[in-house]
Every structure is written in structure tokens, then in C-alpha cells.
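These notes are about the structure you will find just below.
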Amino acid sequence: MPIDPEALGASLRRLTTIGEPGIAVVEALRQVTEACVDLFGVTGSGIMLADEQNVPRYVAASEGRGQILEVAPLSTTPS
């Protein structure tokens, strides 16, 4: 998949604010999902992490529909 150099540069510049004081971890991860949308030309992206029991947990999504897709598997996964 070709990556647009301008989109890559813009995404990286936006992500440089993640280390600044006052930006919560969840907000930083949401910014990462938005950068993925711009960089890869997709309509949405999300992040799920596995907990200590390897159960996937929703963390962030670039937009509402993506959040629904990230959360949906959780309703079918035993906790």
C-alpha cells in the first residue's frame, strides 16, 4: 500500500503532541487512531488491548462507528 508522504508528515506532526503534559493516555491513543485513518486512507481505526487474562478490551477509536465495531466483540467474549 503506497503511503502519501504529506499525510505521513502531517500525522507524525500531530502525534508529537502526545508527550505533552495534560494529554491523557486515552486521548493520545485516540489521536493515534486518527493518524492511522489519515495515513492509510481508511474510514476508521481502533485500538484494543488484551488484559492479564488475554481478554480484549476496547481502548480507543477514531470515530463512533469504529467504536461500535471495537466494542461488539467484547459482548461475545467471555470475561
Side-chain angles (χ1 to χ4, degrees):
M1 167 185 293
I3 295 176
D4 178 357
E6 289 182 28
L8 175 60
S11 293
L12 292 174
R13 282 189 294 281
R14 271 196 315 277
L15 293 175
T16 60
T17 64
I18 288 177
E20 293 181 10
I23 296 182
V25 172
V26 173
E27 174 59 19
L29 292 174
R30 190 190 59 73
Q31 289 179 21
V32 169
T33 64
E34 290 178 1
C36 289
V37 169
D38 294 341
L39 183 58
F40 297 111
V42 295
T43 57
S45 70
I47 298 173
M48 292 183 78
L49 298 175
D51 66 13
E52 298 83 16
Q53 289 79 37
N54 286 327
V55 176
R57 303 289 181 187
Y58 164 80
V59 178
S62 59
E63 42 80 34
R65 291 179 299 174
Q67 180 179 1
I68 292 169
L69 290 173
E70 292 294 321
V71 174
L74 300 179
S75 63
T76 59
T77 304
S79 37

Legend entry - Straight-line distance of Asp38 CG to Thr33 OG1, nearest 0.5 Å: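 It comes to 10.0 Å.
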Inset, instruction - Answer yes or no: does atom CD of Glu6 have more than 12 heavy-atom neighbours from other residues, nucleotides or ligands under 6.0 Å? - result: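 Result for CD/Glu6: open.
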Inset, instruction - Ignoring hydrogens and angles, tell me if any N or O in the side chain of Ser62 forms a donor-acceptor pair with the backbone of Ser45 under 3.5 Å. - result: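 Checking the backbone N and O of Ser45 against the side chain of Ser62, a donor-acceptor pair under 3.5 Å is found.
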Legend entry - Heavy-atom pair of closest approach, residues Leu29 and Ile47: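 In terms of heavy atoms, the two residues are closest at O-CD1, 3.7 Å.
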Legend entry - Over all atoms of both residues, closest heavy-atom pair of Val42 and Val37: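 Taking Val42 first and Val37 second, the nearest heavy atoms are O-CG1, 3.1 Å.
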